[in-house]
Amino acid sequence: MCNPDAPPSTVPANAPAAALEAEADDHRDTDSALGDGESIASSTTSIGSSILKHREENGRTYHAYKDGKYFFPNDENENDRLDLQHHIYSLTYDGKLFSAPIPKDKQIHHVLDVGTGTGIWAIDYGDEHPEAKVLGIDLSAIQPTFLPPNVTFEIDDADEPWTYSQKFDFIHARMMTGSIASWPKFFEQCFESSNPGGWLELSDVTFPLGCDDGTMGPQSSLRKWSTVIFDASLKMDRPLNSATTYKKLMEEAGYVDVVEKIDRWPTNKWPKDPKYKELGLWTNENLVGGLSGLSMALLTRIQNWSAEAVELFLVDVRKDINNTKIHAYLPIYTIYGRKPE
């Protein structure tokens with residue numbers, strides 16, 4: 001079990017050395033006027049009805065195909081959160097869809113987006129690269145049916161053997177931590193399914209949350225939430241710090257020119273730097289609105305909490321997320337590499 005009274009979480013060992021500077025005025029209102037976005041979720045008519053069904057639990061819906069493998073919802077609220085998360089990534093990457101330095105003259109014919117979610121990354125990539133065929137896979141059929149002609153979606157489990165009819169020039173995955181049973185096998189399958197010279201890029205959050213200055217103290221509800229969520233991931237043998245191993249595993253699988261970058265998504269607008277302040281604004285919206293969905297299944301199924309106890313606990317967690325005196329952030333790892341020619 002976790003120990004909420006343990007010393008506060010600090011920066012991961014290989015996090016960036018430079019700490020973010022907090023703005024002097026620590027009494028700002030972090031509420032934003034952001035409205036709920038329209039959901040783009042829809043079913044795919046060519047998929048069997050048993051796959052399209054959803055599991056209902058504690059007022060949320062979850063995937064039915066391979067029921068229980070993924071612990072986060074697939075309903076409209078979660079889909080809106082995923083699309084907002086895509087926007088946060090766009091800010092992080094300065095408007096780009098990926099971080100890997102793929103040469104502009106590199107011929108990208110086939111692209112695989114693993115854990116495509118709402119499909120927004122695959123659709124955006126397909127729009128920007130009409131010459132490429134983009135395949136997005138996920139356990140949930142929540143992608144739209146109105147698509148660019150070069151984009152398709154399939155319901156598939158990335159843990160199963162990959163039997164694609166073609167190899168890929170670019171494989172992309174985001175926020176898959178906790179979703180893969182064996183990361184060494186995943187990277188091996190990526191390598192075997194890539195053409196020579198093909199690129200792989202992954203990006204993931206890591207738990208526990210980071211804090212450089214001790215403001216997320218031992219009694220912080222946010223720190224306790226971070227710890228109990230991470231503890232649940234350890235109990236299910238799918239630790240939410242898996243991204244710290246990706247660089248090593250990619251190199252072991254055979255990738256070269258592997259690079260690891262670590263960004264930070266502040267929990268609110270506490271940073272002084274304008275870019276990080278904006279990242280904090282959107283991350284706050286993403287966390288506060290999605291906190292129940294991110295917590296409910298892990299805390300009820302793994303930690304044996306009641307749904308009522310979860311919601312009561314999250315009241316104080318949200319207060320901490322909004323508190324600009326707590327200088328916490330989500331560590332975001334991005335790792336990319338290339339298969340030798």
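- A donor-acceptor contact shorter than 3.5 Å is absent between the side chain of D156 and the backbone of I137.
- Checked against ring-ring contact (aromatic ring centres under 6.0 Å, His included), H87 has the following partners two or more places apart in sequence or in another chain: W282.
- The salt bridge (charged side-chain N to carboxylate O under 4.0 Å, His left out) search around E251 returns K247, not counting sequence neighbours.
- Under the side-chain contact (heavy atoms from CB on, under 4.5 Å) test applied with H172, the options L202, L112, D113 reduce to a single match, D113.
- The side-chain heavy atoms of T267 and M216, taken from C-beta on, include no pair separated by under 4.5 Å.
- Annotation: ring pair (Phe, Tyr, Trp, His ring centres under 6.0 Å) contacts involving residues 228-252, sequence neighbours excluded, comprise W183-Y246, F187-Y246.
- Under the rule for a side chain to side chain donor-acceptor pair (under 3.5 Å), K133 has no partner lying at least two apart in sequence or in another chain.
- The salt bridge (Lys or Arg N to Asp or Glu O under 4.0 Å) contacts involving residues 89-101 comprise D94-K275, where partners must be two or more places apart or lie in separate chains.
- Residues passing the ring-ring contact (aromatic ring centres under 6.0 Å, His included) test with F168, sequence neighbours excluded: Y164.
- Donor-acceptor pairing under 3.5 Å is lacking for the side chains of T334 and E201.
- With hydrogens and angles left out, the side-chain atoms of Q303 and D231 include a donor and acceptor closer than 3.5 Å.
- Checking D83 against T118 by side-chain atom types alone, a donor-acceptor pair falls below 3.5 Å.
- Residues forming a side chain to side chain donor-acceptor pair (under 3.5 Å) with Y255 (at least two apart in sequence, or on another chain): none.
- Counting heavy atoms from C-beta outward, V205 and T177 have side chains that approach closer than 4.5 Å.
- Using a 4.0 Å cut-off between a side-chain N of Lys or Arg and a carboxylate O of Asp or Glu, K224 and D320 do not qualify as a salt bridge.
- Every ring-ring contact (aromatic ring centres under 6.0 Å, His included) that F98 has, sequence neighbours left out, goes to F170.
- Residue pairs that meet the salt bridge (Lys or Arg N to Asp or Glu O under 4.0 Å) test with at least one member in residues 326-341, sequence neighbours left out, are D257-R338.
- Donor-acceptor pairing under 3.5 Å is recorded for the side chains of D212 and Y329.
- By the salt bridge (charged side-chain N to carboxylate O under 4.0 Å, His left out) test, K248 pairs with E252, sequence neighbours left out.
- Applying the salt bridge (charged side-chain N to carboxylate O under 4.0 Å, His left out) rule to E21 yields the partners K272; only residues at least two apart in sequence or on another chain are considered.
- In this structure, the side chain to side chain donor-acceptor pair (under 3.5 Å) partners of D124, at least two apart in sequence or on a different chain, are H86.
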Residues N268, N323; criterion side chain to side chain donor-acceptor pair (under 3.5 Å); working and verdict: CA-CA 8 Å; N268 56 55; N323 186 350; over 6 Å; no

